[in-house]
Amino acid sequence: MKIKKKKEDLPLPQILNLDDDFSLIKRFIEGDESTFNILVQRHKEKVRNIIYLTLGNHDQVDDIAQEVFLTVYKNLNNFRFESQFTTWLYRITVNKCKDYLRKIKIRNIFTPIKDSESELGYNPHSEDSDIKEIVHNAISKLPDKLRIPLMLKDIEGLSYQEIAESIQCEIGTVKSRIFRAREGLRNLLKPYERELLL
Amino acid sequence: MKRFYNKKYELLSAYIDNELSEEDVKKLEEELKFSKDLQKKLAELKKLKQITISSINPIQENPFFETRLAATLRIKNPWYLRLKKYSPVFGIIALSIIIMVVLKYNPSLIDKVVEQQKSNITAFYKQNLKPLLFAADLTNEDIFDFAFYHRLPLNYQKKQFLQLGSDKNGNQFFEIKSAGLANNSNHLANFIKGLNLNEKQQKQLDSILTSHVPELQSQVLVNDKNTVAINPNIWNYNKALTADLISFAANVNKNNFQKIIPPDFEKLYNAKAIAQILKDVKSTKSNKYIFFTPDSIFSDQYSFNQDEFNKEMQIWSKEMQKNMQEYSKQFSNFNFRFGEGFAKLKRDSSWDRNFEVFIDSNICRVHIPKVEIPQMNLPDMDGLNINLDSLTNYLRSFSFHFPPHNNGKNYKYFYSDSSKGFHFKAYGFDSTFTFGNPKTDSILKNRFKNFGFRMNPDSLASVFKIFLGDSTNFNHQQDMQKQMKEFERQMEMFQKEMEQMQKELKKNVPQKQTKKSVEI
C-alpha cells in the first residue's frame, strides 16, 4: 500500500526572503549572528514540546533544548541546505532525547530502587487518578521507539515523512510503529475500558 | 488471518492519520462499508488518538529560554573562540609580517633562494656535457662550412644544425634549425677545385681544419638532457678559422684567391696578422657558456676538462670496438627536441633577460645582445660567404653520358646548373650537330661564354673550345681535357664497332645469299 504524501508535506519552491530559515542561516554563515536568535525564537517551542513528549516529563526539557540549540549553533556553518532546517533540527532534538534516555537507563541499572514520580504515581486502581493521568502514564510505559513516533504524529502533527527523517528510518517503519504504539496503548488501557469508553 | 487483520488495522491507523493515498482510501472505505469488524477497529483507533491528544497538556512557555541560551553561548563560546574563524586571516597577516621583518634584516634572502634554485637547475643541465664534435662526428667538410657558413651539425645524422649569425644591429645570435633548411652543397670540394689544390695542398688543408678540432671541441657541448652549451668565444674561433683558411688560400693560389676574396680583406693576407689572430683567439679562454635547454636559457660558468675528456675518449674507443651499435645509441644520438617546453620557454624568457628567443615550428633563434663575447680586434668577415658563393656559382659540375652501345647515335649532354636538363642529339660523328631546341643553342653558348668556353657545333671533334681567359676556370680545363679524352676514346671505340659491324654486314650478305641459293 502506498503512503499518501500530503500536499502540505511536499517540498514547496524555495522563495528566498529575509525571513525564511535558509536566508537566516545564510546570513548567520556570513557572520550575522543575530539571525540565530530569530531561529531560536521561531523553533524553541516545537523543540521543547518534542522533548517533553519524548521524555514524558518537564524536568529536563529546557536543559535538553538548550543542548539542542547549542549543537545547532556549533554546526550551523556546516548546514548543507539539502533538507528543511526543521528536519535537521528535529533530528538533533530526537537524538538528544535518545541520548538522555540511554543515560537514564544506564543510571537505573545501578539504582534498582525506582523512586521516580511517574513510576510511583502510576497505580491503575487508584481512585483519584483521572483519565488524563492514566493515559499519560500508559504512554510513558510505551517503549521509546514506539512512543516517540506516536507523540510526533498525534501531538506535534508531523507527517510520516518528517517523522521518518527525524528518527532516521523508513516511512513504512513509522507507520508500523505508530500502529503498534496504539495497540500497546489499548492493551495498557484495557482495565479502564469503561472509564475511557473504549 | 490475524496478520491480515493486523495489516488492515495498520492501514486504518494510517487512514486516521490521513497518510494513505487516494486510491488506498477508496479501497479501504469500500471495505469499511461491509466490515463491521473494521468499522469497530476504526472507531477504537479514533478514540485512542483522541484520548492521546487530550492527555497531553501543552508545555508552558519559558520566557527566559533565550536569555539562558545566550548566557550559555557566551560561556561556551567566548570571544577568543569566536575569532577562530578569522584564524586564516591572522595567519596570513602574521606570515606577511614575519617575511617583512626577515627581508628587512636580510634583503638578499630571496635572491639567494632564487640563485640556489637556479644553481640546482644549472647543475642538472651541466651533467654529462660532451663536445659536439664527439656527438655529431664532424667531418672536415662540416668544419669548413662552419668557417664560411657559420653552421655546425648537431647530431650524427645531421638532421639539425647550429647556425651562428648576427642581426642588422650587429648583435650575435645562434639558432637551432632542421637540416631541411640548410644548404647541403659541397663547399669544401668546390673550394679545393676553385684553388686547384694538388694532393699535398689538400692534405695541408685537411691538417689545418683538423688542427682546429681541439679548440672547437670545447666550444659547443651537448648532453642527453637536451642541452646545448655554447661558448660565446665560438664567434671568435669562427673568425680565426676563416682567417686561417683565407691565409692558406692566399698562399697556395694567389690569383684564384683574389677572385673570391674582396679587397677589404687584403690585410688578412698578411701571414703575421693571421698568426697573431690565431694566437689571440687560442690564448683567450672563456669558461662562460650559454646553456640552451628545454626549460630555460641561461649563461653560466662551466669548465670543460679536455684532458679528462680525452681519457674518456680512450676508454670509449675501446668500448666502441666491442660494441659499435651500443656506442652509436648512447653517444651519437643527440637530437634537440622542440617539445612543449618551448612554448613555456618563450613565455618565460624573462628568466634570463640577456636573451631574446624567437621560436618557429622548426627553428629556435636566440639573440644574445647582452652576453659578452670575448673582445678581440678581428676583422668583420660576414661578407665572405657571399664571395665564396659567387665563386661556387662558377664551379658547376657537368658530365657527358655515352651509352656504351648506342646504336641510335644519340648523345646526351647534361648541364646541371639549370633546373632543366638541356640535351642535344648528334647525327653522325662528322656531320654538324642538330639541336633539339633552337633555344638550347643560344643558352649553351651564353652559359659557356660566362664560363670561359666557346661552343663550336661544326664538328664533333671541336665541339668545345676552351679559352682560359679566366684563371678561376683552370680546374675545368683539366676536367674538360679528361672528359674530352674519354669522349674521344668512346668515339674511337664506337667507330671501331661501326667498322666491325660494316665488315660483318658485308660478310653476311653474300653468306645469306648463298644460303638462299642452297635452299632453292
Side-chain angles (χ1 to χ4, degrees), chain A residues 1-6 9 31 33 36-37 40-41 44-45 47-49 51-53 56 58 61-63 65-67 69-70 73-74 77 131-139 150-151 153-155 157 159-161 171-172 174-176 178-183 185-186 189 192 196-198, chain B residues 2 5-28 40-77 79 81-86:
Chain A
M1 286 288 178
K2 291 175 185 174
I3 301 295
K4 179 195 166 189
K5 268 194 173 181
K6 286 196 292 185
D9 294 334
E33 294 202 351
F36 182 71
N37 289 333
V40 173
Q41 280 172 5
K44 65 171 183 177
E45 289 311 319
V47 169
R48 290 175 76 241
N49 264 327
I51 296 165
Y52 168 62
L53 296 169
H58 299 83
V61 170
D62 282 333
D63 289 347
Q66 294 275 325
E67 276 185 40
F69 282 107
L70 280 172
Y73 180 84
K74 283 178 186 170
N77 283 316
I131 293 171
K132 274 190 178 182
E133 199 172 337
I134 292 167
V135 175
H136 190 261
N137 284 335
I139 289 170
L150 182 71
M151 291 294 103
K153 179 67 210 175
D154 285 352
I155 310 301
S159 68
Y160 282 9
Q161 177 73 33
I171 294 175
V174 172
K175 184 178 78 170
S176 170
I178 288 173
F179 170 69
R180 283 161 60 200
R182 283 172 179 154
E183 285 291 286
L185 196 59
R186 187 180 66 87
L189 295 174
Y192 309 99
L196 296 170
L197 301 171
L198 286 171
Chain B
K2 191 183 176 183
Y5 273 110
N6 276 347
K7 274 284 169 195
K8 287 289 175 194
Y9 294 165
E10 199 175 291
L11 280 176
L12 284 173
S13 171
Y15 176 70
I16 61 168
D17 288 335
N18 205 16
E19 291 279 351
L20 288 183
S21 65
E22 285 181 17
E23 190 185 346
D24 292 338
V25 168
K26 275 185 184 176
K27 276 186 186 175
L28 194 63
K40 191 184 168 188
K41 190 68 186 174
L42 179 65
E44 183 187 288
L45 286 169
K46 278 183 177 176
K47 185 69 183 175
L48 273 169
K49 182 165 182 166
Q50 188 192 339
I51 60 170
T52 304
I53 292 166
S54 62
S55 69
I56 305 297
N57 292 323
I59 191 168
Q60 284 185 340
E61 280 193 25
N62 183 351
F64 305 107
F65 185 83
E66 286 99 324
T67 315
R68 193 185 152 197
L69 181 65
T72 315
L73 278 173
R74 271 197 298 277
I75 294 164
K76 291 199 172 183
N77 193 26
W79 64 270
L81 285 180
R82 270 178 273 163
L83 289 175
K84 197 178 170 184
K85 62 182 176 184
Y86 299 109

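So that the names make sense, note that chain A is the first sequence line, chain B the second, and so on, each numbered from 1.
- With a 4.5 angstrom heavy-atom cutoff, B:T52 touches chain A via backbone and side-chain atoms both.
- Chosen from A:R180, A:E45, A:H136, the residue pairing most often with chain B at heavy-atom distances under 4.5 Å is A:E45.
- The CG atom of B:L73 sits 5.5 Å away from the CZ atom of A:F36 when rounded to the nearest 0.5 Å.
- Checking side-chain atoms of A:R48 against main-chain N and O of B:Q60 turns up a donor-acceptor pair under 3.5 Å.
- At a 4.5 Å heavy-atom cutoff, the contact between A:D62 and chain B is made by backbone and side-chain atoms alike.
- Proximity of B:S13 to A:K175: side-chain heavy atoms (C-beta onward) are nowhere separated by under 4.5 Å.
- Summarising the geometry, atom CZ belonging to A:F179 is positioned 8.0 Å from atom CG belonging to B:L12; distances are rounded to the nearest 0.5 Å.
- Closest heavy-atom contact between B:L48 and A:R182: CD1-O, 3.4 Å.
- Note that the CD1 atom of A:I155 and the OG atom of B:S55 stand 6.0 Å from one another [nearest 0.5 Å].
- Put simply, CD on A:E67 and OG1 on B:T72 are 10.0 Å apart, with the number rounded to the nearest 0.5 Å.
- Among all heavy-atom pairs drawn from A:Y160 and B:E19, the shortest one is N-OE2, 3.0 Å.
- Of all non-hydrogen atoms in B:E66 and A:K44, the two that sit nearest each other are OE1-NZ, 3.0 Å.
- Using a 4.5 Å cut-off between heavy atoms, A:V61 touches chain B through its side chain atoms alone.
- Only the side chain of B:I16 comes within contact range of chain A, judged by heavy atoms closer than 4.5 Å.
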Step-by-step side-chain contact (heavy atoms from CB on, under 4.5 Å) determination, A:D63 to B:R68: CA-CA 10 Å; A:D63 289 347; B:R68 193 185 152 197; 2.5 Å; yes
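- Sorted by first and then second residue, the salt bridge (charged side-chain N to carboxylate O under 4.0 Å, His left out) pairs with a member in residues 48-59 of chain B read A:D154-B:K49, B:D17-B:K49; sequence neighbours excluded.
- Counting all heavy atoms, side chain and backbone alike, A:Q66 lies closest to B:F65 at NE2-O, 3.1 Å.
- Proximity to chain A (any heavy atom under 4.5 Å) is restricted, for B:K41, to the side chain, taken from C-beta onward.
- Rounding to the nearest 0.5 Å places CD of A:E183 at 6.5 Å from CD of B:E44.
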